[in-house]
Trainee: 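Below is one structure. I have some questions about it.
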Amino acid sequence: RFSTPSIFSTMSSASSPQSQIIMAILAYSFCSGTMLLINKMTLFHLPYPSLVTLVQLFVTLCIIYTMSLVIRLPVDPIRWKF
């Protein structure tokens, strides 16, 4: 469906599927745990959960848009259909 972006194709094709799965699990766990700690610290100092969520969504949007321009990451267009 989509071609693999060059940033993600740095893993050697010689590495085993098990090691790729383990690395994916470790990376997800690290990102998830880090985000949980950052959210808890942020909400402790800034007690506005809606603002924190809004900022996180905006930053995510900016990152995805930048990656789509820089490394030609395939991104579906935003459609406003109701």
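One is the number of the first residue; the rest follow in order along the sequence. Computed from a predicted model, the values in this text were never measured in an experiment.
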Trainee: If a pair satisfies side chain to side chain donor-acceptor pair (under 3.5 Å) and one of its residues is in residues 27-38, list it, with sequence neighbours excluded.
Mentor: none

Trainee: Who pairs with L54 by side chain to side chain contact (heavy atoms under 4.5 Å, CB included), at least two apart in sequence or on another chain?
Mentor: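 If we apply the side chain to side chain contact (heavy atoms under 4.5 Å, CB included) test to L54, skipping adjacent residues, there are no hits.
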
Trainee: What side chain to side chain donor-acceptor pair (under 3.5 Å) pairs are there with at least one residue in residues 35-57, not counting sequence neighbours?
Mentor: N39-Q56

Trainee: Do F30 and I63 sit in the same hydrophobic cluster, where Ile, Leu, Val, Met, Phe, Trp and Tyr count as joined when their side-chain heavy atoms come under 4.5 Å apart?
Mentor: no

Trainee: Which residues end up grouped with I21 if you chain together Ile, Leu, Val, Met, Phe, Trp and Tyr wherever their side-chain heavy atoms are less than 4.5 Å apart?
Mentor: I25

Trainee: Applying side chain to side chain contact (heavy atoms under 4.5 Å, CB included), name anything that partners I22, two or more places apart in sequence or on another chain.
Mentor: L26

Trainee: When rounded to the nearest 0.5 angstrom, what is the spacing between CG in L43 and CD1 in I38?
Mentor: 12.0 Å

Trainee: Apply the side chain to side chain contact (heavy atoms under 4.5 Å, CB included) test between V55 and each candidate in L51, V52, L57; give the one that qualifies.
Mentor: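 Going through the options one by one, the only one that passes is L51.
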
Trainee: Could you identify which residues cluster with Y65, counting Ile, Leu, Val, Met, Phe, Trp and Tyr as linked when any side-chain heavy atoms lie under 4.5 Å apart, either directly or through a chain of such contacts?
Mentor: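 Joined to Y65, directly or through intermediates: L69.
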
